[in-house]
Amino acid sequence: AGVLVARGEELGRILKAVDAVAGGSGRLVMLAGEPGVGKTRLAQEVTLAARNREFLVASGRCYEPQQVVPYYPFLEALSTAYRAAPSSVRAEVPRRWPYLGRLLPDELAPSSVSPSEGHEEQQRLFHAVTGFLQALASEMPVALVLDDLHWADSATLELLQHLAPVSYTHLRAH
């Protein structure tokens, strides 16, 4: 709600990244800056623009009390993505990406994989998330919006690093 103030340049740069994604290229856009400079408001404007372009927008947020919960912002974002996914993609989850079920509520996609903490298990989870998001992106443009990453746990940051494409845009809000 409200008018976006003094962020036209940043919005324009991000919307160019949105255009690239709509054209089939992956992008990572990170908004950085001091608290209160409008990062969340700018992200809201971009989210609206992406939805208007028929993107699947999956968002999650980090909170200080949940900073010890592994993958916390991905829990919400992936649940949204799963619910919005075409039925053909959802049907493939148990067979192609069984580890994805570890980050979804049981009523959506119960995982047949028991939780464990090993590096190999983490890599399987990362590959499941990547594969699922790539399958979605082959059907429609996808925007994964994660807010307040300064409260993120290390597992969330490692997954984000795994997902990050080679080309990215970093904007610093002043």
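What you see below is based on every heavy atom in this structure, not just the backbone, and it leaves out hydrogens, waters and symmetry mates. The first residue of the sequence shown is numbered 1, and numbering continues consecutively from there.
Residues Ala77 and Leu144 share a closest heavy-atom pair of CB-CD1, 3.5 Å. Pairing each heavy atom of Ala17 with each of Val29, the nearest pair is CB-CG2, 3.7 Å. Contact between Ala143 and Ala50 at its shortest, heavy atoms only, is CB-CB, 4.5 Å. When all heavy atoms are compared, the tightest approach of Val129 to Leu78 is CG2-CD1, 4.0 Å. Summarising the geometry of Pro70 relative to Val68, their closest heavy-atom pair is CD-O, 3.3 Å, with the distance given to 0.1 Å. Shortest non-hydrogen contact noted between Met140 and Ala84 is CE-O, 4.3 Å.
In this structure the side chain of Gln66 never reaches within 4.5 angstrom of the side chain of Pro73, judged on heavy atoms. Looking at Leu136 and Pro86, their side chains come closer than 4.5 Å, going by heavy atoms from C-beta outward. In this structure, the side chains of Leu15 and Arg13 stay at 4.5 Å or more apart for every pair of heavy atoms.
In this structure, Arg7 contributes its side chain and Leu42 its backbone to no donor-acceptor pair below 3.5 Å.
To the nearest 0.5 Å, the span separating CG on Leu133 from CH2 on Trp97 amounts to 9.5 Å. Rounded to the nearest 0.5 angstrom, Tyr82 OH and Leu108 CG are separated by 6.5 Å. Atom CZ in Arg102 sits 10.5 Å away from atom CZ in Arg124 (nearest 0.5 Å). Note that CG of Leu146 is 8.5 Å distant from OG of Ser59, once rounded to the nearest 0.5 Å. The distance from atom CG of Leu163 to atom CD of Gln134, rounded to the nearest 0.5 Å, is 9.0 Å. The line from SG of Cys62 to CG of Leu149 is 5.0 Å long, rounded to the nearest 0.5 Å.
The salt bridge (charged side-chain N to carboxylate O under 4.0 Å, His left out) pairs that include a residue from residues 135-159 are Arg61-Asp147, Arg61-Asp148, where partners are two or more places apart or lie in different chains. Listed by first and then second residue, the salt bridge (charged side-chain N to carboxylate O under 4.0 Å, His left out) pairs that reach into residues 49-60 are Asp19-Arg53, sequence neighbours excluded.
Tyr71 is linked by a ring-ring contact (aromatic ring centres under 6.0 Å, His included) to nothing, counting only residues two or more places apart in sequence or in another chain.
The only member of Val46, Thr47, Val18, Val142 that meets side chain to side chain contact (heavy atoms under 4.5 Å, CB included) when paired with Phe55 is Val18.
At a cut-off of 3.5 Å, with distance as the only test, a side-chain donor of Tyr99 or Glu121 sits close to an acceptor on the other residue.
Ring geometry for Phe126 against His162 counts as tilted: the plane angle lies between 30° and 60°, on a 0 to 90° scale.
Phe74 and Trp151 are members of different hydrophobic clusters when ILVMFWY side chains are connected at heavy-atom separations under 4.5 Å.
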- Task: Apply side-chain contact (heavy atoms from CB on, under 4.5 Å) to the pair Gln67 and Val69, showing each step before the final yes or no.
- Result: CA-CA 6 Å; Gln67 66 184 345; Val69 179; over 6 Å; no
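A salt bridge links Glu92 and Arg95; the closest N-O separation between the charged side-chain nitrogens and carboxylate oxygens is under 4.0 Å.
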